[in-house]
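Since the model is a prediction, treat every value here as computed from it, not as a measurement.
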Amino acid sequence: MTAAPVGPQRYQERYPAKEESIPRARHAVTLALETWGLSRLVDMAGLVVSELVTNAVEHTDVTTVGASVTRTGPHSVRITVTDTSRVRPTAETPNDDEERGRGLQLVEAVADDWGAEVVHGGKRVWAHLTAEASP
């Protein structure tokens, strides 16, 4: 007899669409990555989940936000944030003196790939992250 496959490692949670959920989601993703031995991804993943949850909290009128991290390979994960708004996020080009509006630019800078898609019941915004393999 052999063990049945259980699928990829995944953590997911729903949070109130409030500012205090941003650090909660970041902390949960950090714990999952550290548990999986992917500490090298913590900084990038923390930035990505923070920016994507912030966008959902600040730019929609939803009541909850979902955040998940799925291990997609030995050194890679997919961060996904969901909400019930069907409006896709758009990257802004703020003036140099503006303090806000660079979140998606930061996500694009650290992610291997990212995107947004309208799904049944809202939208899903995702980013793929890969850590350099240890020497």
Q) Just by distance, with hydrogens left out, do Asp83 and Thr60 show a side-chain donor and acceptor under 3.5 Å apart? A) no
Q.
Let me check something: do Met44 and Val125 share a hydrophobic cluster, defined by ILVMFWY side-chain heavy atoms less than 4.5 Å apart, either directly or through other members?
A. yes
(Q) Can you confirm whether Val87 sits close enough to Val118 that some side-chain heavy atom of one is under 4.5 Å from a side-chain heavy atom of the other? (A) no
Q: Without swapping roles, check the side chain of Thr30 against the backbone of Arg26 for a donor-acceptor pair under 3.5 Å.
A: yes
Q) Just how far is it from atom CG of Leu52 to atom CD1 of Ile79, taken to the nearest 0.5 Å? A) 8.5 Å
Q. Say you draw a straight line from NE2 of His75 to CG of Leu129; how long is it, rounded to the nearest 0.5 Å?
A. 14.5 Å
Q: Taking all non-hydrogen atoms of both residues into account, name the closest pair between Ala56 and Val62 and its distance.
A: O-CG2, 4.1 Å
Q) Between the side chains of Thr72 and Arg78, is a donor N or O closer than 3.5 angstrom to an acceptor N or O? A) no
**Q.** Minimum-distance pair of heavy atoms, taken over all atoms of Val107 and Glu51
**A.** CG2-CB, 3.9 Å
Q: Please round to the nearest 0.5 Å and tell me the distance separating atom OG1 of Thr70 and atom CD of Gln12.
A: 7.5 Å
Q.
Does any part of the side chain of Pro89, heavy atoms only, come nearer than 4.5 Å to the side chain of Leu104, both counted from C-beta?
A. yes
Q) Which pair of non-hydrogen atoms, one from Ala131 and one from Leu41, has the smallest distance, and what is that distance? A) N-CD2, 3.5 Å
**Q.** Over 12 foreign heavy atoms within 6.0 Å of CD, Glu19
**A.** no
Q | Atom of Trp114, atom of Glu108 and distance for their closest heavy-atom approach | A | NE1-CB, 3.6 Å
(Q) Under the criterion side chain to side chain contact (heavy atoms under 4.5 Å, CB included), I'd like the reasoning laid out for Ser76 against His128: C-alpha separation, chi angles, the key distance, then a yes or no. (A) CA-CA 7 Å; Ser76 61; His128 289 280; over 6 Å; no
Q. Can you name the nearest heavy-atom pair linking Trp126 to Ala116, along with the distance?
A. NE1-N, 4.0 Å
Q. What's the shortest heavy-atom distance between Val65 and Ala17, and which atoms?
A. CG2-CB, 3.9 Å
(Q) Strictly distance-based, threshold 3.5 Å: is any side-chain N or O of Arg88 a donor or acceptor partner for the main-chain N or O of Arg124? (A) no
Q: Any chance you could measure Lys123, atom NZ, to Thr80, atom OG1, to the nearest 0.5 Å?
A: 13.0 Å
Q: Measure from the side-chain N and O atoms of Arg24 to the backbone N and O of His27, and report whether any donor-acceptor pair falls under 3.5 Å.
A: no
Q) Would you say Asp43 has more than 12 foreign heavy atoms packed within less than 6.0 Å of its CG? A) no
